[in-house]
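First the proteins, then the strands, lettered A, B, ... as listed; each starts at 1.
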Amino acid sequence: MSAGPLADQQASAACDTAPRPRGRIRALLPVAAGLVTALGLAWYAVGPPWYLSQTPAPISHQEEVVLIGLQAVAKGHLPYVGVASVQYGPGTQVTVYWLMRHLTSFSVVGFREAWALLVWAGVSLLFAVFFLAFGYARGLAAAVLSALVYPALHQVAFQPGGSFNGYFGWASPLRYVGLIALVLLLPAAVRRCPSWPGAVAGAVLGALWGLTSYLAQENLAGGAIGALAVGALLLFSGSARWRPVWTALTAVGAGFLVIWTPILVFYAAHAQLTEFLRQYFLFPQAVAAGANDTPWGGFNHAPSPYTHLFYLLPFLLAGLALLAVVRFRPLGIATGWPPERVKLLVTVLATALLYEGALLRSDASHLTGTLLMVPALAIITATELPRLLGARRPLTAADQARPPNPGRPTPADRPRPVGPGRRALLVLAGAALAVGPFTLLPSGAYPPSSLRSWAAAPYLDRHRLAAAPAAATPTTLAAQRVGPGLDRAPRCCQGAPVPMPAFIRLMQQIHTTVGNRPAYVADFPDEYPGLVYFGADLNPAPISADPDSSIETEPELQAFLADFRTRVLPQTQAVLTDSLKAPEAQFFLNKYPNSQRITLHYNGQPYYLLLR
Amino acid sequence: MGVAALIGPHDSLPGPRLAMFVGALAAFCLSAVLRLVSLATAGRSRLTAWLDRHVAARERAALWLALAAWFPLLLVVVYYRTRATLPPPAHYVYFPYDDKRWETAAYLLGTVAPVILLTAAARVLLIAGGRPPTWRAWFTGLFLGARR
């Protein structure tokens, strides 16, 4: 790889002397091979068929929280606002709903299949970015490490000896891949700017960032900070001139707006733009300010196998960031960075920005984003840092006498041949840097037996699950809402040890009794109300927000209850609750004293239906 | 220290605050002594000559310039750490609350900010070496690159 400066003159010279077609095809071959490999690896690791009807995992609280929004959209409510509000990204709700309606099925199993599709897309994108940013060999190494060793991609995956299972409704690489793609690939777009291929590349990156920000808020702030930081660093280091940086960033912004403008126009046309934006920024702002933040291991400081990683990584990142901008022999601040130095720096930067989220919600789950980048960080550090630190002969007097020229790499940054002894030292240093990150992981993450089991799990699981007989089609509506196969699971839900058939019978009873009345589910024993809305196919009352997802503070709760009593109650014909003392139940009984009260039972506890 | 003496309670200082004042005074005296020594030995110091052999004077100047921009930013951490001692603005119904903005501020100042400041400082000194005559020339040098 050439180590040329990233100046206007070179960019325009590159445009003026376009490569011949045969040379262009030859240059694209490694890129095409990398993309094919990335997509193939992603398909093998997390692609279909998943046989999710044979995943007996109970319906989790995380799934229950998002089910209410899907049910509300199905009943005609506007996505993401009002009763369909959810704390996560709007695009994920819309995409999952569309997939359930048109591709999978409108059931819990269908939801899991839709989620699996999102995970597959996220992993494919992540691997493709690795190959594009790092080249074939290093992209392959980073992808394989991600799939086999680091746990981020195991959160929703073929589990060794099990089925395709995991944290449905929460874990998805799409929550972070927009930031990763933007930060890692922006320098390549800058190098090609201000020519039109560079602008197109920037616009594509911006559109991807916009789309992933629509899917998950995590991509937005980190991507913006990362893009500006990359632009500033390329500019101040003299690695790029103002015009290519400005062109690339403008193209990124344009691509972002192409995605977001129709979305904002849609909600403005429905007079819900303010509410949409409020909902979008509600949770990120609250978390940044302290809501739901915890110290590592929670307030009880529960032990975790990732404690070393959590505490050591920020210092490692700080050290690597400094080493990435320092040159040795002579010691100084590097200017006019070659692509290798830029590659190392953006890898460190992307990892650092992802780790910031883990500082707020400090637990193993929220290290996921960081762990997506740590394999790449290990590979790039091991292969680039030794060379940047010591792969040079000492500067000669002629080198030092040459005056510095802003915008061109200094003589110290140009690669110079090394002797065999120094080469051996570099290889050893690289090996040490490659092995080092493994010491931060739990010891059970990288023994050969673990690697073999994760590598073989997709094949073995698919082979075993394919041999099982297909699940019978459920007959009742509630069973159809759960989905074939899952309707016979030994346990229905995360909160209580109730068999799935018993849960389905209750949901069918509720569906039959409540019918199409506008209904409000105040609570459900040990589970979230979204489970009842979805399982019983209820018509949600037009509440202002989902109280379990979009209400955080006491004043907000009081405002919600006041709105329920004044605006929603006249439009509500059923209230479901496990306690008649719940405020909403009291409002209903006071306003409609002649309402019908039906008592059902769930897990030995009464469950009340108040109807009018 | 003067403000604390003026507005604080008129009794003995708590131990940690007294230790902070003593430490700050000691650092101030040390920096003054070092400055006097550097002035007295200007051009004749073996230490300076040794440093010049390993780290060029301009690189050292860039480091000091970056530090000069970085240190005041630590006040952001102090501000958020102080804010974290205040009760939460509202009672959170379902979630725990732990104001960690000072942690994220310290983290960003420790990882991302040094890189940007060092690079910017090196750039500023590189342009300054050409003694740009006008602010326009400064801007051109900083952001647009040198004229050919």
Atom of B:Gly110, atom of A:Ala318 and distance for their closest heavy-atom approach: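 Closest pair (atom of B:Gly110, atom of A:Ala318, distance): O-CB, 3.4 Å.
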Minimum heavy-atom distance between B:Asp98 and A:Asp293, given as atom pair plus value: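 Taking every non-hydrogen atom into account, O-CB, 3.2 Å.
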Residue pairs involving residues 346-357 of chain A (criterion side chain to side chain donor-acceptor pair (under 3.5 Å); sequence neighbours excluded):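 Those involving residues 346-357 of chain A do not exist here.
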Neighbour count above 12 (heavy atom, 6.0 Å) for B:Trp138 CH2: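 Enclosed: over 12 neighbouring heavy atoms sit under 6.0 Å from CH2 of B:Trp138.
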Whether over 12 other heavy atoms sit under 6.0 Å from A:Tyr528 OH: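 Atom OH in A:Tyr528 is not crowded, with 12 or fewer foreign heavy atoms closer than 6.0 Å.
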Side chain, backbone, both or neither: which part of [X] has an atom under 4.5 Å from a heavy atom of chain B?
| X | value |
| --- | --- |
| A:Leu345 | side chain |
| A:Leu235 | both |
| A:Leu349 | side chain |
| A:Ala321 | both |

Proximity of residues 99-109 of chain B to chain A, residues having a non-hydrogen atom under 4.5 angstrom: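 Listed by number: B:Asp99, B:Lys100, B:Arg101, B:Glu103, B:Thr104, B:Tyr107, B:Leu108.
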Identify each donor-acceptor pair in which a side-chain atom of residues 23-34 of chain B lies under 3.5 Å from a protein atom, sequence neighbours left out, and give them as a table.
{"unit_1": "B:Ser31", "atom_1": "OG", "unit_2": "B:Ala27", "atom_2": "O", "d": "3.3"}
{"unit_1": "B:Ser31", "atom_1": "OG", "unit_2": "B:Phe28", "atom_2": "O", "d": "2.9"}

Among A:Pro295, A:Ala229, A:Ala232, residue most engaged with chain B (heavy-atom pairs, under 4.5 Å):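 So the answer, after comparing A:Pro295, A:Ala229, A:Ala232, is A:Pro295.
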Among the listed options A:Thr294, A:Val287, A:Leu320, A:Leu557, the residue most often paired with chain B at heavy-atom distances under 4.5 Å: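 When all of A:Thr294, A:Val287, A:Leu320, A:Leu557 are compared, A:Thr294 has the most.
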Close side-chain approach of B:Val112 to A:Ile225, heavy-atom, < 4.5 Å: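 When only atoms from C-beta onward are counted, A:Ile225 and B:Val112 do not touch, as no gap falls below 4.5 Å.
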Close side-chain approach of B:Thr119 to A:Val325, heavy-atom, < 4.5 Å: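 A side-chain contact exists here, since the closest heavy-atom pair is under 4.5 Å.
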With B:Tyr80 via ring-ring contact (aromatic ring centres under 6.0 Å, His included) - residues at least two apart: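 ring-ring contact (aromatic ring centres under 6.0 Å, His included) list for B:Tyr80, sorted by chain: empty.
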Among A:Leu331, A:Ile333, A:Val326, the one residue meeting side-chain contact (heavy atoms from CB on, under 4.5 Å) with B:Glu59: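 The option that passes is A:Ile333.
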Under 3.5 Å: donor-acceptor pair, side chain of B:Tyr97, backbone of A:Ala289: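 Side chain of B:Tyr97 to backbone of A:Ala289: a pair is present.
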Atom pair OG1/CG of B:Thr111 and A:Leu316 - distance to nearest 0.5 Å: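 The CG atom of A:Leu316 is 11.5 Å from OG1 of B:Thr111, to the nearest 0.5 Å.
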Residue selection (most heavy-atom pairs with chain A, distance under 4.5 Å) from B:Leu63, B:Ile116, B:Val124: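 Winner by heavy-atom pair count: B:Ile116.
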